[in-house]
Enquirer: 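For reference, the structure I am asking about is given below.
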Amino acid sequence: MIIYLIAITVFMIQCFILFYIYLSQQKRFKKDMQNPYEPQQDLNQFFYFILLPCLNEGKVIKNSLNHLIDLKGRMHIIVIDDNSTDDTVSQAQSVAGPISIIQRKLPNAQTGKGDALNSAIPEINRIISEKNLIQKNASSVFLMLMVFSVATLFTN
């Protein structure tokens, strides 16, 4: 019987400790969660390459690019058209901003998303050289590549 009383007492003490920790951290948690999508760090310290492979996305590409351009930070968007048969390229060209368009033609086109993404590597190298993103004595380089599927972007 005494063992059960000790176990119940220890359990209640643990509950009170956890409840105290919850209450003490609640204010900090609410403050952090007021705007969870606001970046905590300066996004301009990095340069982002956003790769957007697409095939027959003429209806949604313009809206997607406009939303991507509105994102904060230094970036360059690379649209990789995989031999679309609709107006995907003309819709992408109508959007102003830091956008490059790579057009893949058959037989090299439509061989998979990996091949489409790999075709952007020369363009990324060109932009890195053009914008002097790598200093001569840089010990390390961090590039953030973000790959999106157009159909899942900003569908509202």
Enquirer: Strictly by salt bridge (charged side-chain N to carboxylate O under 4.0 Å, His left out), give each pair with a member in residues 2-20 just once, sequence neighbours left out.
Expert: none
Enquirer: Please report the interatomic distance CG(Asn83) to CG(Asp81), rounded to the nearest 0.5 Å.
Expert: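 One finds 7.0 Å between CG of Asn83 and CG of Asp81.
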Enquirer: Distance from Met75 atom CE to Phe49 atom CZ, nearest 0.5 Å?
Expert: 12.0 Å
Enquirer: Less than 4.5 Å apart, side chain to side chain, heavy atoms only: is that true for Ile78 and Leu52?
Expert: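 A side-chain contact under 4.5 Å is absent here.
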Enquirer: Could you work out, with side-chain hydrogen bond (donor to acceptor under 3.5 Å, both in side chains) as the rule, every residue matching Ser119, not counting sequence neighbours?
Expert: none
Enquirer: Considering only residues two or more places apart or on different chains, which pairs with a residue in residues 3-12 satisfy salt bridge (charged side-chain N to carboxylate O under 4.0 Å, His left out)?
Expert: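 Residue pairs with at least one partner in residues 3-12: there are none.
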Enquirer: Can you tell me how far apart CZ (Phe11) and CZ (Phe16) are? Round to the nearest 0.5 Å.
Expert: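 Here the interatomic distance stands at 10.5 Å.
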Enquirer: Hydrophobic side-chain clustering at under 4.5 Å (ILVMFWY, transitive links): who's grouped with Ile6? Put none if nobody.
Expert: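 Its cluster partners, ordered by chain and number, are Ile2, Val10.
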Enquirer: Are Leu51 and Ile121 in one and the same hydrophobic cluster, where Ile, Leu, Val, Met, Phe, Trp and Tyr link if side-chain heavy atoms are under 4.5 Å apart?
Expert: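 No, Leu51 and Ile121 fall in different hydrophobic clusters.
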Enquirer: Applying side chain to side chain contact (heavy atoms under 4.5 Å, CB included) to Asp87 and Ile61, what does each step give before you reach the verdict?
Expert: CA-CA 10 Å; Asp87 62 342; Ile61 188 85; over 6 Å; no
Enquirer: Excluding sequence neighbours, so at least two apart, what forms side-chain contact (heavy atoms from CB on, under 4.5 Å) with Ile13?
Expert: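 Once residues adjacent in sequence are excluded, the partners of Ile13 under the side-chain contact (heavy atoms from CB on, under 4.5 Å) criterion are Thr9, Ile17.
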Enquirer: Hey, could you give me the CD1/CD1 distance between Ile3 and Ile8, rounded to the nearest 0.5 Å?
Expert: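 Here the rounded value is 12.5 Å.
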Enquirer: Tell me, do Val79 and Cys54 make a side-chain contact under 4.5 Å, heavy atoms counted?
Expert: yes
Enquirer: Let's go through Ser94 and Lys62 carefully: what are the C-alpha distance in whole Å and the side-chain angles of both, what is the deciding distance for side chain to side chain contact (heavy atoms under 4.5 Å, CB included) to 0.1 Å, and is it a yes or a no?
Expert: CA-CA 8 Å; Ser94 69; Lys62 190 172 186 176; 3.5 Å; yes
Enquirer: Under a plain distance cut-off of 3.5 Å, with no hydrogens placed, do Asn56 and Thr88 share a side-chain donor-acceptor pair?
Expert: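 Not at all, the side chains of Thr88 and Asn56 share no donor-acceptor pair under 3.5 Å.
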Enquirer: Let me check something: any side-chain donor-acceptor pairs from residues 95-108 under 3.5 Å, sequence neighbours excluded? List them with distances.
Expert:
from, atom 1, to, atom 2, distance (Å)
Ser100, OG, His76, NE2, 2.6
Ser100, OG, Glu123, OE2, 2.8
Arg104, NH1, Asp82, OD1, 3.0
Arg104, NH2, Asn108, O, 2.3
Arg104, NH2, Thr111, OG1, 3.4

